Amino acid sequence: MIGVGKLKQYTNVLDKPLSKGKQEVSLSAFAFLFSELVQYNQTQVDNISELERRLEDAGYAVGARVLELLCHREKGNRRETRLLGILSFVHSTVWKVLFGKVADSLEKGTEHEDEYMISEKEPLVNRFISIPKDMGTFNCGAFVAGIVRGVLDNAGFPAVVTAHFVPVEGQQRPRTTILIKFAEEVLQREARLG
């Protein structure tokens, strides 16, 4: 019989398996879509902090979906239960899937036990952005902070996540640091698990 074989026909897109498929998106397409996201939100707000909050909210939704997808693909529907495990997962696996490489560094804060930092020399969201003087300290890294917060919250590690510019000696552009401040309940649970 012609046309009969092992090829399975799917009638609905929801019935198709979640295979890895092609994992890359054109950089120009991403840059265009992200610039449109920023421009649209810029017309909807009155100040920079509100714009960063809206970008963070958009990133949160992405982070929640990325966690579900990666837990299904990479971990056989298992999630991390330990603090260092989830931080390592975000620093390496999530970052590599979203940005094509592992984040530059993951550090523990020296002043507070509940703070961790993921640093990136030049995150993709800031690479093609020029900030007007009137916008001062606007950081598109708020979108990435939202992604990280979405992953952490949905994995059961509530945290306040913010993006900051950190000046680097000898370089014109500052690096972006994603500051993660975990909720007290996360630290208490980690202490119980010992």
Side-chain angles (χ1 to χ4, degrees), residues 13-14 18 21-71 86-87 89-91 93-101 103-104 109 114-168 171-183 186:
V13 72
L14 298 175
L18 287 173
K22 187 175 179 186
Q23 294 184 356
E24 292 184 12
V25 173
S26 162
L27 183 58
S28 59
F30 171 78
F32 174 73
L33 287 173
F34 187 71
S35 72
E36 288 297 314
L37 175 70
V38 173
Q39 288 175 33
Y40 171 76
N41 283 307
Q42 191 175 2
T43 63
Q44 305 295 311
V45 298
D46 295 327
N47 57 39
I48 294 168
S49 61
E50 182 67 19
L51 177 58
E52 287 180 340
R53 188 196 60 73
R54 287 180 72 120
L55 287 177
E56 185 182 336
D57 290 346
Y60 184 91
V62 171
R65 287 168 177 81
V66 164
L67 175 69
E68 290 296 322
L69 183 64
L70 291 179
C71 283
I86 193 69
L87 285 170
F89 177 70
V90 169
H91 170 261
T93 307
V94 171
W95 223 265
K96 192 167 188 172
V97 166
L98 291 176
F99 305 115
K101 67 180 194 78
D104 291 341
D114 60 350
E115 289 184 350
Y116 290 83
M117 295 167 277
I118 298 175
S119 295
E120 186 71 31
K121 181 180 176 187
E122 189 175 33
L124 188 59
V125 294
N126 286 345
R127 188 173 298 164
F128 304 108
I129 299 292
S130 58
I131 300 170
K133 297 261 186 241
D134 64 326
M135 295 190 75
T137 61
F138 172 63
N139 189 346
C140 287
F143 181 74
V144 177
I147 292 173
V148 172
R149 187 171 66 89
V151 168
L152 293 174
D153 276 1
N154 286 281
F157 294 85
V160 175
V161 184
T162 54
H164 304 278
F165 283 128
V166 177
V168 178
Q171 293 186 359
Q172 182 181 3
R173 293 182 72 133
R175 71 178 182 182
T176 298
T177 298
I178 307 298
L179 180 64
I180 304 165
K181 186 172 179 60
F182 286 101
V186 173

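Note that the structure is a prediction, hence the values are computed from the model and not measured. Reckoned from all heavy atoms, side chains included, excluding hydrogens, waters and symmetry mates.
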Enquirer: Determine whether a donor-acceptor pair (N or O, by modelled atom type, separation under 3.5 Å) exists between the side chain of E122 and the backbone of R175.
Expert: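 No.
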
Enquirer: Between E120 and R127, does at least one N-O distance fall below 4.0 Å, as a salt bridge requires?
Expert: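 Answer for the salt bridge query: no.
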
Enquirer: The criterion is ring pair (Phe, Tyr, Trp, His ring centres under 6.0 Å); which residues satisfy it with F30, sequence neighbours excluded?
Expert: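 With sequence neighbours excluded, F30 shows a ring pair (Phe, Tyr, Trp, His ring centres under 6.0 Å) to F34, given in chain and number order.
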
Enquirer: Take atom CG in N47; do more than 12 heavy atoms of anything else shown fall under 6.0 Å from it?
Expert: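 Buried by this count: over 12 neighbours within 6.0 Å.
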
Enquirer: Mind checking what makes side-chain hydrogen bond (donor to acceptor under 3.5 Å, both in side chains) contact with R65, not counting sequence neighbours?
Expert: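 Not a single residue meets the side-chain hydrogen bond (donor to acceptor under 3.5 Å, both in side chains) criterion with R65.
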
Enquirer: Please enumerate all residues that pass side chain to side chain contact (heavy atoms under 4.5 Å, CB included) together with T93, with sequence neighbours excluded.
Expert: L70, E74, F89

Enquirer: Which one of N126, T162, T177 satisfies the side-chain hydrogen bond (donor to acceptor under 3.5 Å, both in side chains) criterion with N139?
Expert: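 That would be N126.
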
Enquirer: Counting only N and O atoms by type, is there a donor-acceptor contact under 3.5 Å from the side chain of H91 to the main-chain atoms of A103?
Expert: yes

Enquirer: For residues 146-157, run the donor-acceptor check on the side chains, cut-off 3.5 Å, and write out each pair with its distance to 0.1 Å, sequence neighbours left out.
Expert:
residue: R149; atom: NE; partner: E56; partner atom: OE2; Å: 2.9
residue: D153; atom: OD1; partner: A159; partner atom: N; Å: 3.4
residue: N154; atom: ND2; partner: G150; partner atom: O; Å: 2.7

Enquirer: Please enumerate all residues that pass ring pair (Phe, Tyr, Trp, His ring centres under 6.0 Å) together with F182, with sequence neighbours excluded.
Expert: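 If we apply the ring pair (Phe, Tyr, Trp, His ring centres under 6.0 Å) test to F182, skipping adjacent residues, the hits are Y116.
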
Enquirer: Between A163 and A145, which heavy-atom pair has the shortest distance, and what is it?
Expert: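 Taking A163 first and A145 second, the nearest heavy atoms are N-CB, 4.0 Å.
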
Enquirer: Got a sec: does the NZ of K121 have more than 12 other heavy atoms crowding it under 6.0 Å?
Expert: no

Enquirer: Only counting residues at least two apart or in another chain, list the ones meeting ring pair (Phe, Tyr, Trp, His ring centres under 6.0 Å) with F165.
Expert: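 So F165 forms no ring pair (Phe, Tyr, Trp, His ring centres under 6.0 Å) with any residue.
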
Enquirer: Does the pair T176 and H164 meet the rule for a side-chain contact (heavy atoms from CB on, under 4.5 Å), with working shown?
Expert: CA-CA 6 Å; T176 298; H164 304 278; over 6 Å; no

Enquirer: Nearest 0.5 Å please: distance from the CG atom of L27 over to the CG atom of L124.
Expert: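 Going from the CG atom of L27 to the CG atom of L124 covers 5.5 Å.
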
Enquirer: Side chain of N41, backbone of R54: donor and acceptor closer than 3.5 Å?
Expert: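 Pair absent, no side-chain N/O of N41 close to backbone of R54.
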
Enquirer: Under the side-chain contact (heavy atoms from CB on, under 4.5 Å) criterion, do V144 and F99 qualify, and how do the steps go?
Expert: CA-CA 10 Å; V144 177; F99 305 115; 3.9 Å; yes

Enquirer: Please determine if K181 and D114 form a salt bridge, counting it only when a charged side-chain N lies under 4.0 Å from a carboxylate O.
Expert: yes

Enquirer: Applying side-chain contact (heavy atoms from CB on, under 4.5 Å), run through L87 and I180 and close with a yes or a no.
Expert: CA-CA 10 Å; L87 285 170; I180 304 165; 3.9 Å; yes

Enquirer: So which atom in C140 and which in V38 form the shortest heavy-atom distance, rounded to 0.1 Å?
Expert: SG-CG2, 4.2 Å

Enquirer: Considering all heavy atoms of both residues, which atom of P158 and which atom of V186 are nearest to each other, and what is their separation?
Expert: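 For P158 versus V186, the nearest heavy atoms are CD-CG2, 3.5 Å.
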
Enquirer: Once rounded to the nearest 0.5 Å, what's the spacing between atom OG of S35 and atom CD of Q42?
Expert: 11.0 Å

